[in-house]
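Quick notes on the structure that follows.
No experiment lies behind these values; they were computed from the predicted model shown. By convention in this document, chain letters (A, B, ...) are assigned in the order of the sequence lines, proteins followed by strands, and residues within each chain are numbered from 1.
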Number of protein chains: 2
Amino acid sequence: MPRPSTPLLSPDRIRSVALAIIDRDGLDGLSMRKLAAELGVQAASLYGHVRTKDQLLNDIASSILSTVDVSGFEVDWREGLIRCARSYRAALSSHPNIVPFLAYGPAGREESLQRLDLLHGALVDAGWSRREATMIAAGLMYIVFGSALSSFSSGFSADPADYTDRYPHLDRAHLLPGVARELDRDSFELALAAFVRGL
Amino acid sequence: MPRPSTPLLSPDRIRSVALAIIDRDGLDGLSMRKLAAELGVQAASLYGHVRTKDQLLNDIASSILSTVDVSGFEVDWREGLIRCARSYRAALSSHPNIVPFLAYGPAGREESLQRLDLLHGALVDAGWSRREATMIAAGLMYIVFGSALSSFSSGFSADPADYTDRYPHLDRAHLLPGVARELDRDSFELALAAFVRGL
DNA sequence: GGGTTAACCTAACACTGTTCGGTTAGTCGG
DNA sequence: CCGACTAACCGAACAGTGTTAGGTTAACCC
């Protein structure tokens, strides 16, 4: 097939289909050939629109991070922290499969830094030292990313029988997928509340 | 080369060289061929001692996790939580490059579960409900893994000039590698202290 | 000393991301 | 209207990945 009348590819379409594949098949489930196939195209054609796979993932990551909302600091810094963390977590957990890439890659993402800068400024305005503000922001990110990786409760979904005998203390209620999600959210809320309260 | 007089390979040697490569070249820097080469052997030979690369990584991960110490709950549960978290973080940050794999993979690791079970039991003994104990343990893991991924301060080590103008609030002192490590540790301690205090 | 097994090898398979050189449809200048 | 040029796609290839099948030989046991 030579040049088609109307282009089959665009950066936006590539990103959106790639994200759909990641959501469906996981991070390892995305290959350039598979992505191309689902776009009705050969793999090489992608490189006219995307510099590299890593760049593609970065772009997707940035677009997800750009939905994070850091407003709400006018009221009070505690409320601002909580809202920011919730928004961050919501953004991450809407596409959980890409979180490992996000956490792995450099934190120096434009979107991430902008929001961090705002957060940092708000904390300093509230009376914290610069160093403290940095550490508080870091702590908040620990909780957000730790919970979004969610290698915790959703990582348990193996055979319940494995746990019952060997780990007497562990409640196995959280093995049910529905409960696991709820438990993850509640754990996040508890950790967040405890962290902010303890500051 | 046929069967050598003294075996060149053993699961232990393979694991230790593999971990050395990961520490030196990163998680992506480990390939079976490279590992084999450093062991003075061909790649296929590894599969007589190791079922699969993923299994190898899991074994390495388990051996790292097995150094985590969850004692210290006799004194008081707050102290126990803090000691456990510190020990966990120490174990992870001694081999930071494997943390992404650890965080990515299932939490259902034998070593991880044993310690989780103990922690859970200690919390229940201290008067928390089973559900609360689970959530507290999860929260602790969020902070530990979030901090060990350390996609925070060590992720910034780019060009300092990039930050100065665009992000006025961000202090750029933490760009210095030495400071970054210290800041990471202090951020972890602050998050941990705030979390435990806030419970 | 012969048979068995364990430890290594070579070669290959099916993938991966990425690049090079071609082929053609669309677009613009004269 | 026609030629030059570019944009968009393709086929084939490269170097690399994890993994397996089948072969070769040294060490071990009876």
Polar atom pairs (N or O), protein with nucleotides 16-18 of chain C, under 3.5 Å:
residue: C/dT16; atom: OP1; partner: A/S31; partner atom: OG; Å: 3.2
residue: C/dG17; atom: OP1; partner: A/M32; partner atom: N; Å: 3.3
residue: C/dG17; atom: OP1; partner: A/K53; partner atom: NZ; Å: 2.8
residue: C/dG17; atom: OP2; partner: A/M32; partner atom: N; Å: 2.8
residue: C/dG17; atom: N7; partner: A/R33; partner atom: NH1; Å: 2.7
residue: C/dG17; atom: O6; partner: A/R33; partner atom: NH2; Å: 2.9
residue: C/dT18; atom: OP1; partner: A/T52; partner atom: OG1; Å: 2.2
residue: C/dT18; atom: OP2; partner: A/Y47; partner atom: OH; Å: 2.7
residue: C/dT18; atom: OP2; partner: A/T52; partner atom: OG1; Å: 3.4
residue: C/dT18; atom: OP2; partner: A/K53; partner atom: N; Å: 2.8
residue: C/dT18; atom: O5'; partner: A/Y47; partner atom: OH; Å: 3.4
residue: C/dT18; atom: O4; partner: A/R33; partner atom: NH2; Å: 3.4

(message) Can you tell me if A/H49 touches the phosphate of D/dA7, counting only side-chain N or O atoms and a distance under 4.0 Å to OP1 or OP2?
(response) no

(request) Mind calculating the distance between CD (A/Q42) and P (C/dG22) to the nearest angstrom? (result) 19 Å

(request) Taking only heavy atoms on the protein side, list every residue of residues 20-28 of chain A lying under 4.0 Å from any atom of DNA chain C, sorted numerically. (result) none

(request) Tell me, please, which residues at least two apart from A/E132 pass salt bridge (Lys or Arg N to Asp or Glu O under 4.0 Å). (result) none

(request) Report the distance from atom CZ of A/R13 to atom C1' of D/dC9, rounded to the nearest whole Å. (result) 14 Å

(request) With sequence neighbours excluded, tell me which residues meet side-chain contact (heavy atoms from CB on, under 4.5 Å) with A/A91. (result) A/I64, A/T67, A/V68

(request) Mind checking side-chain contact (heavy atoms from CB on, under 4.5 Å) for B/R197 and listing every partner two or more places apart, or none if nothing turns up? (result) B/A193

(message) For A/R131 and B/E182: C-alpha separation, side-chain torsions, deciding distance, then whether salt bridge (charged side-chain N to carboxylate O under 4.0 Å, His left out) applies.
(response) CA-CA 12 Å; A/R131 182 176 174 83; B/E182 187 196 323; 3.6 Å; yes

(message) Applying side-chain hydrogen bond (donor to acceptor under 3.5 Å, both in side chains), can you list everything that pairs with A/E111, at least two apart in sequence or on another chain?
(response) A/S62

(message) Test of understanding: with side-chain hydrogen bond (donor to acceptor under 3.5 Å, both in side chains), list the residues that count as partners of A/D76, not counting sequence neighbours.
(response) none

(request) Whole angstrom is fine here: how far is it from CG in B/L9 over to C1' in C/dC8? (result) 9 Å

(message) Among residues at least two apart in sequence or on other chains, which ones pass salt bridge (Lys or Arg N to Asp or Glu O under 4.0 Å) with B/D23?
(response) none

(request) Return the set of residues passing side-chain hydrogen bond (donor to acceptor under 3.5 Å, both in side chains) with A/S71 (not counting sequence neighbours), or none when no residue passes. (result) A/D69

